[in-house]
Amino acid sequence: MNPPLPPGVEKVLFTEEQIRRRIAEVAAEVTEKYRGRNLKLIAVLKGSIFFLAALAREIEIPVKIDFLAISSFSSRGASGAVRIAKDLDESIDGEDVLLVEDIVDTGLTARYLLQTLAGRGPNSLSICTLLDRTSRRLVQVPVDFRCFEIPDRFVVGFGLDHKQLYRNLPVIAVMKP
Ligand code: IMP
């Protein structure tokens, strides 16, 4: 039996089992692409940490992990004004970097991060996102790995929040309008 959803949450979009299976598939793709290379996973705080932890455990090559935090000046990043609030601990010079995102929505955050990180001399730079909402894209960004495409509804759970709540839901769920 699944626990009841909190008030405000409408329905489950992806169950724990669906998420687990899909992450394992994507992790296998990542393993194949980066075998024999120096992979560093960079997660964007805070939303990506659940996905990062689940993905990293399924990747079958050694990986390094680092974090950065950003602040954006609108609730869904729509203004595009993004800045780094906590930078990486270590250099990415010469490394194969995989940026791990919770969701690519308008694409503005991902574009900013790609541009910023590209200037630091990585050997390669790609994006792996848990969720992709291409219907709201304002700028094109190359999404190399993604687990799920989602409809134009606000979602929570598995790291994604609404006013900092619901990140710990084990499922991905749609908020009531
Ligand atoms: P973008 O810059 O528009 O692509 O937005 C990316 C950021 O907006 C994500 O990293 C999330 O923090 C936030 N975001 C966008 N859509 C949702 C959602 O449906 N639920 C929770 N956070 C979201």
Side-chain angles (χ1 to χ4, degrees), residues 3 5-16 18-20 22-23 26-27 30 40-56 65-88 92 97-120 125-177:
L5 292 170
V9 176
E10 184 179 307
K11 63 173 180 191
V12 172
L13 203 55
F14 302 110
T15 63
E16 284 186 73
Q18 285 172 318
I19 297 168
R20 193 193 61 71
R22 184 63 191 131
I23 290 178
V26 170
V30 171
K40 178 174 279 183
L41 305 177
I42 293 182
V44 186
L45 297 170
K46 305 167 189 163
S48 304
I49 62 165
F50 290 74
F51 178 42
L52 170 83
L55 181 76
I65 291 173
D66 206 346
F67 297 94
L68 56 76
I70 49 160
S71 0
S72 66
F73 304 108
S74 81
S75 58
R76 283 172 96 180
S79 74
V82 181
R83 69 176 177 83
I84 292 188
K86 180 230 168 281
D87 210 334
L88 299 172
I92 55 169
V97 171
L98 189 57
L99 188 61
V100 178
E101 283 270 21
D102 53 356
I103 181 167
V104 180
D105 185 29
T106 63
L108 292 166
T109 307
R111 183 180 65 173
Y112 168 80
L113 290 174
L114 282 181
Q115 284 172 349
T116 304
L117 297 177
R120 299 181 184 187
L125 181 55
S126 301
I127 295 186
C128 179
T129 188
L130 176 64
L131 304 178
D132 196 356
R133 198 193 281 118
T134 51
S135 59
R136 280 178 38 92
R137 203 70 103 243
L138 294 179
V139 293
Q140 287 313 309
V141 282
V143 173
D144 304 270
F145 304 94
R146 73 159 173 215
C147 293
F148 302 106
E149 167 81 37
I150 61 162
D152 189 7
R153 294 290 306 274
F154 195 83
V155 295
V156 293
F158 215 83
L160 290 112
D161 74 303
H162 177 249
K163 298 184 178 168
Q164 297 303 328
L165 289 173
Y166 310 132
R167 293 192 196 276
N168 60 325
L169 277 182
V171 299
I172 294 168
V174 174
M175 291 294 290
K176 286 179 188 157

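A quick note: this is a predicted structure, and the numbers were derived from the prediction, not measured. Start at 1 with the first residue, then count along the sequence. Note: hydrogens, waters and symmetry copies are ignored here, and every other heavy atom, side chains too, is used. When a ligand or atom number is given, it counts from 1 through the structure's own listing order.
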TODO: From the options Val141, Ile70, Thr106, Leu113, select the one whose nearest heavy atom is closest to atom 3 (O) of ligand 1.
DONE: Thr106

- [ ] Work out whether the distance between some heavy atom of Arg133 and some atom of ligand 1 is less than 4.0 Å.
- [x] yes

Task: Side-chain (Arg20) to main-chain (Thr15) donor-acceptor, under 3.5 angstrom - done: no

TODO: Report yes if Val155 has an N/O atom closer than 3.5 Å to an N/O atom of ligand 1; otherwise report no.
DONE: yes

Task: Atom indices of ligand 1 within 4.0 angstrom of Thr109 heavy atoms, with elements - done: 1 (P), 2 (O), 5 (O), 6 (C)

Task: Aromatic plane relationship, Phe148 with Phe14 - under 30° parallel, 30 to 60° tilted, over 60° perpendicular - done: parallel

Task: Backbone of Thr134 reached by a side-chain donor or acceptor of Glu149 within 3.5 Å - done: yes

Task: Which of the ligand 1 atoms, numbered from 1, are nearer than 4.0 Å to a heavy atom of Gly107 - done: 1 (P), 3 (O), 4 (O)

Open item on the list: Closer than 4.0 angstrom, basic N to acidic O: yes or no for Asp87 and Arg120?
Closed with: yes

Task: N-O pairing of Asp102 and Lys46 below 4.0 Å - done: no

TODO: Between His162 and ligand 1, find which residue part has any heavy-atom pair under 4.0 Å and reply side chain, backbone, both or neither.
DONE: neither

Open item on the list: At less than 4.0 angstrom from any non-hydrogen atom of Asp161, what atoms of ligand 1 do you find?
Closed with: 21 (C)

Task: Partner of Phe145 under side chain to side chain contact (heavy atoms under 4.5 Å, CB included), chosen from Leu98, Thr129, Leu55, Ile127 - done: Leu98

Open item on the list: Which of the numbered atoms in ligand 1 are under 4.0 angstrom from any heavy atom belonging to Asp102?
Closed with: 9 (C), 10 (O), 11 (C), 12 (O)

TODO: Determine whether the side chain, the backbone, both or neither of Leu160 has a heavy atom under 4.0 Å from any heavy atom of ligand 1.
DONE: side chain

TODO: Please indicate whether Lys11 has more than 12 foreign heavy atoms, meaning atoms of other residues, nucleotides or ligands, lying under 6.0 Å from its NZ.
DONE: no

